[in-house]
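Take a look at the structure below.
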Amino acid sequence: MIFGKVFTVSEVNLSLKELIHKDSTFANLQIQGEVSNFRRYASGHCYFNLKDGKGLIKCVMFKGSAQRLKKLPRDGDQIVGVGRIDVYERDGIYQFYVDMLMPVGTGDLMAAYEALKQKLSAEGLFDEVRKKPLPVSPRIVGVVTSADGAAIRDVIQVAGRRDSSVKIRLYPVKVQGKEAPPEIVEGIRFMNRHNLCDVLIVGRGGGSMEDLWAFNDEKVVRAIAASKIPIISAVGHEIDFTLSDFAADKRAATPSQAAEFAVPDRRRDMASYEKLDLRLKKAVTDRLSAERQRLGGVLQRPVFRYPERLTQGQSQRLDQLVQSFSASFSRRLERENMRLMKLQDHWFFRHPDIFVSRYEDHLTRLNKDLDLHFRSALSEIQQRLKEVTVKLQLLDPQKVLERGYTMTEGPEGKIMSSLVGIKEGDVIRTYFKDGALTSIVSKKEES
């Protein structure tokens, strides 16, 4: 007889899995033990056991996490694993899924690391708003690192390849051990105190957590944060993170990458400049070609080909005005003479002195009026002629030639604005401001 609900095997395994997931204790564990039966498969995944004198737990470390290991553990090693507990439903077993492996003792370092990280973060030392931008064109790059390490060689090599004019200024320090932190701090302060560089690289090559610990020192981190010179942190390899990385203005995965961040690649800039130069030259050439075509079209206008025609009409108009004025003046004199003849029988001929006096006054006024009228008309004509002359001078081909342009006649004496119509062997004549040049076309090049 069966009492109560009957579970399947998979339902039990799933229920156990859900129970473990509900307990946050199993989500982030640090377990210490001895490694046994360690195996790494072709897939990159690692399988092993952690045991002590009373028990054993199966462990899995997948490829992504295993790639971060600088050294694979061996059977018998005492290690601390960081990860989570979960149920492998197919086999009905629980396993420790390991994200990180550290030698025994490293757990204390990690605890100290996390405590200091939280403290400095709460003070705002890691805030993005306080980070300074790197200089665009540094002249001097400072480096605080070991004088005989790979880091300085990498920086010099990469910087020299990108821009050989940039100087490298080294402040040699120890990069591990108890003496390293105060030397690194003094190096950063010395560079700032004497303003010895435009950007500062602080770092070293890779190593274990203990090797890199100097860059987790509180005084080093505070010195980096207080630096007036922008600092690039380059500690270890890509997978290594130190508190100096969080405090620096820029974090580089390696010293070589730090040099790439600090020194612009002039070769790339030169290639960009050359492209812009070609574009500019092409734009100028196209504009000049368009303007030459416009000039050729203007020079084909009658006013340039026959400039004398511009004044012929005005001269004829002037002649007409002078003739009209002369005729008008003659008619006026004639009318006055007729009046004089009619007045000869008038009473004042009996008093010639009165007549002469009055007539002289009238004639004087008439002459003044005629003179003013003539001067006004002549002034208007002269002003119009002056305006026409100025316009003609502006359109004078000789003025165009004096501005540095030339004018070319083809074989038939036609002003040419294009290569169309000209062939090799043709005789052409080119006009300059001070003369002309006759030449034979030996080669024709079309753009």
Problem set entry | Non-neighbouring partners of Ser43 that pass side chain to side chain contact (heavy atoms under 4.5 Å, CB included), sequence neighbours left out | Tyr41, His45

Exercise. Does the Thr406 side chain pair with the main chain of Phe432, one donor and one acceptor, at a distance under 3.5 Å?
Worked result: no

For this session: For Asp249 and Ile231, indicate whether the former's side chain and the latter's backbone hold a donor-acceptor pair under 3.5 Å.
Result: yes

Problem set entry | Test: Lys22 and Glu18 ion pair at under 4.0 Å | no

Problem set entry | With His21 via ring-ring contact (aromatic ring centres under 6.0 Å, His included) - residues at least two apart | none

For this session: Using a strict 4.0 Å threshold on nitrogen-to-oxygen distance, state whether Lys219 and Glu186 make a salt bridge.
Result: no

Problem set entry | Where at least one partner belongs to residues 372-385, residue pairs that pass salt bridge (Lys or Arg N to Asp or Glu O under 4.0 Å), sequence neighbours excluded | Asp371-Arg375

Seminar exercise, completed: The reported gap from CD in Glu183 to NZ in Lys174 (rounded to nearest 0.5 angstrom) is 4.5 Å

Problem set entry | Short side-chain donor-acceptor distance under 3.5 Å, Thr438 and Arg429 | yes

Exercise. Roughly how far apart are Leu200 CG and Lys228 NZ, rounded to 0.5 Å?
Worked result: 15.0 Å

For this session: Using atom types as modelled and distance alone, determine if a side-chain donor or acceptor of Asp154 lies under 3.5 Å from a backbone N or O of Ala151.
Result: no

Problem set entry | Expected output: side-chain Glu291 to main-chain Arg287 donor-acceptor under 3.5 Å | no

Problem set entry | Test item: Ser244 and Ile224 side chains (from C-beta on) under 4.5 Å apart, heavy atoms | yes

Problem set entry | Under the side chain to side chain contact (heavy atoms under 4.5 Å, CB included) test, residues paired with Leu372 that sit two or more places apart | none

For this session: Please name all residues satisfying side-chain hydrogen bond (donor to acceptor under 3.5 Å, both in side chains) with Ser227, sequence neighbours left out, ordered by chain then number.
Result: Asn192

Problem set entry | Set of residues satisfying side-chain hydrogen bond (donor to acceptor under 3.5 Å, both in side chains) with respect to Lys443, sequence neighbours excluded | Glu445

Exercise. Would you say Asp198's side chain and Arg139's backbone share a donor-acceptor pair under 3.5 angstrom?
Worked result: yes

